[in-house]
Amino acid sequence: VAIMNGNTRTGTIYGLLGSAGAKYRFTDFLSFETKISLDLNYARSNLFFEPGFADGRNTNGWVLVNNSLWNNWVSTNILRFNRRWGHHGISTFVGYEAQETRNIGNASEASNLLPNLNRLEDASKPESVSSVASANSLTGIFLNNSYDYQQKYYLTASIRRDASSR
């Protein structure tokens, strides 16, 4: 049986989420719109096992510190054309979209801590250090065209092409 009074697990997460957009009308039938969104997160966690428990049992205490920064952004731009000539109507839009995701982080573990202390800098024996850095992106271009006659008969065509960095 072990007593776990000194074992701790703490963590902090900060996040920022936002978006912005704008639309500009060149004429009554031609407009441009743009949007961008951002999701940014930072996380830090600390784990401590005191001597006599779990991974700290045979190592005079054990500590882990983990940091991670993750962000994702998406940008969309669309040009729209909508026009009627008598019984005929055309509605077209063409757009471009881009997205990027990044993750950067590191982790450190150490043991053999000084008595009554529980932080990474209080340990004398490094156990492991690791890091991660990854990124990927997506892009896409798209076109949609609709024709109508007397707003009763419709013909629509769409095409989209996407690409990935993976």
Side-chain angles (χ1 to χ4, degrees), residues 7-49 55 62-110 118-123 126-166:
N7 297 329
T8 59
R9 177 182 294 242
T10 59
T12 304
I13 299 173
Y14 298 100
L16 174 67
L17 181 63
S19 63
K23 184 173 185 177
Y24 182 76
R25 293 185 83 73
F26 296 104
T27 64
D28 62 339
F29 57 87
L30 185 64
S31 66
F32 175 78
E33 60 189 73
T34 184
K35 296 177 184 173
I36 189 161
S37 300
L38 173 68
D39 186 3
L40 178 64
N41 294 280
Y42 171 75
R44 178 180 174 91
S45 62
N46 298 294
L47 180 62
F48 169 71
F49 290 130
D55 288 338
W62 179 83
V63 64
L64 163 72
V65 176
N66 185 31
N67 294 290
S68 180
L69 177 63
W70 179 84
N71 71 62
N72 181 57
W73 62 262
V74 178
S75 174
T76 305
N77 299 292
I78 299 174
L79 182 64
R80 295 184 187 275
F81 177 84
N82 294 300
R83 187 89 191 243
R84 297 207 58 77
W85 294 277
H87 296 299
H88 306 277
I90 293 179
S91 177
T92 300
F93 64 86
V94 62
Y96 177 78
E97 190 167 59
Q99 176 180 1
E100 183 180 73
T101 301
R102 290 185 180 271
N103 181 26
I104 300 169
N106 58 49
S108 300
E109 298 178 47
N118 63 2
R119 297 185 317 204
L120 186 63
E121 61 267 23
D122 301 325
E127 296 289 343
S128 71
V129 176
S130 63
S131 65
V132 63
S134 65
N136 63 72
S137 59
L138 302 169
T139 60
I141 189 165
F142 47 92
L143 171 70
N144 179 285
N145 190 30
S146 293
Y147 166 79
D148 74 80
Y149 180 71
Q150 294 182 340
Q151 294 182 324
K152 186 175 183 182
Y153 304 101
Y154 291 88
L155 178 63
T156 302
S158 295
I159 188 168
R160 182 173 177 120
R161 171 77 173 148
D162 292 310
S164 172
S165 64
R166 291 183 182 189

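All values below were derived from every heavy atom in this structure, side-chain atoms included, with hydrogens, water molecules and symmetry-related copies excluded.
For the pair F142 and Y96, the tightest heavy-atom approach, listed with the atom from each and the gap, is CE2-N, 3.9 Å. Taking each heavy atom of L79 and S31 in turn, the nearest pair found is CD1-O, 3.3 Å. In terms of heavy-atom proximity, A107 sits nearest to N66 at CB-OD1, 3.7 Å.
When side chains are defined from C-beta on, E97 counts as touching R160, because their heavy atoms get closer than 4.5 Å. Side chains of L143 and T92 form a contact here, defined as non-hydrogen atoms less than 4.5 Å apart. Considering only heavy atoms from C-beta on, W62 stays 4.5 Å or farther from N118 through its side chain. Residues I90 and F81 form a side-chain contact, since some pair of their non-hydrogen atoms from C-beta on lies under 4.5 Å apart. Between T12 and T10, every side-chain heavy-atom pair lies at or beyond the 4.5 Å cut-off. Inter-residue side-chain proximity for D39 and W70 is flagged as met; some heavy-atom pair is nearer than 4.5 Å. For the pair L64 and S108, the minimum side-chain heavy-atom distance is 4.5 Å or more. Residues V65 and R44 meet the side-chain proximity criterion, which asks for heavy atoms closer than 4.5 Å.
With hydrogens and angles left out, the side-chain atoms of Q99 and N72 include a donor and acceptor closer than 3.5 Å. Under 3.5 Å, the side chains of T156 and S146 contain a donor-acceptor pair of N or O atoms. Between the side chains of N46 and T8, no donor-acceptor pair is found at a separation under 3.5 Å.
The backbone N or O of Q151 sits less than 3.5 Å from a side-chain atom of Y154, completing a donor-acceptor pair. Remark: the backbone N or O of D28 is paired with a side-chain donor or acceptor of R25 at under 3.5 angstrom. Panel note: side chain S165, backbone S137; a donor-acceptor pair is recorded below 3.5 Å.
Taking CG of N136 as the start and CZ of R102 as the end, the distance is 9.5 Å to the nearest 0.5 Å. The distance from atom CH2 of W73 to atom CG of L40, rounded to the nearest 0.5 Å, is 14.0 Å. Interatomic distance, I36 CD1 to L38 CG, rounded to the nearest 0.5 Å: 7.5 Å. One distance of note links CG of L16 with OH of Y42; it measures 15.5 Å at 0.5 Å rounding. Remark: R83 CZ to T27 OG1 distance equals 7.0 Å, nearest 0.5 Å. Annotation: the span from N41 atom CG to L69 atom CG amounts to 8.5 Å, rounded to 0.5 Å.
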Go through the steps for Y147 and Y149 under the test ring pair (Phe, Tyr, Trp, His ring centres under 6.0 Å), then give the verdict.
CA-CA 7 Å; Y147 166 79; Y149 180 71; 7.4 Å; no

Check step by step if side-chain contact (heavy atoms from CB on, under 4.5 Å) holds for V132 and N103.
CA-CA 7 Å; V132 63; N103 181 26; 4.2 Å; yes

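Summarising the local packing, CD1 of I159 is surrounded by 12 or fewer heavy atoms from other residues, nucleotides or ligands at distances under 6.0 Å.
Scanning for salt bridge (Lys or Arg N to Asp or Glu O under 4.0 Å) contacts around D148 gives R84, with sequence neighbours left out.
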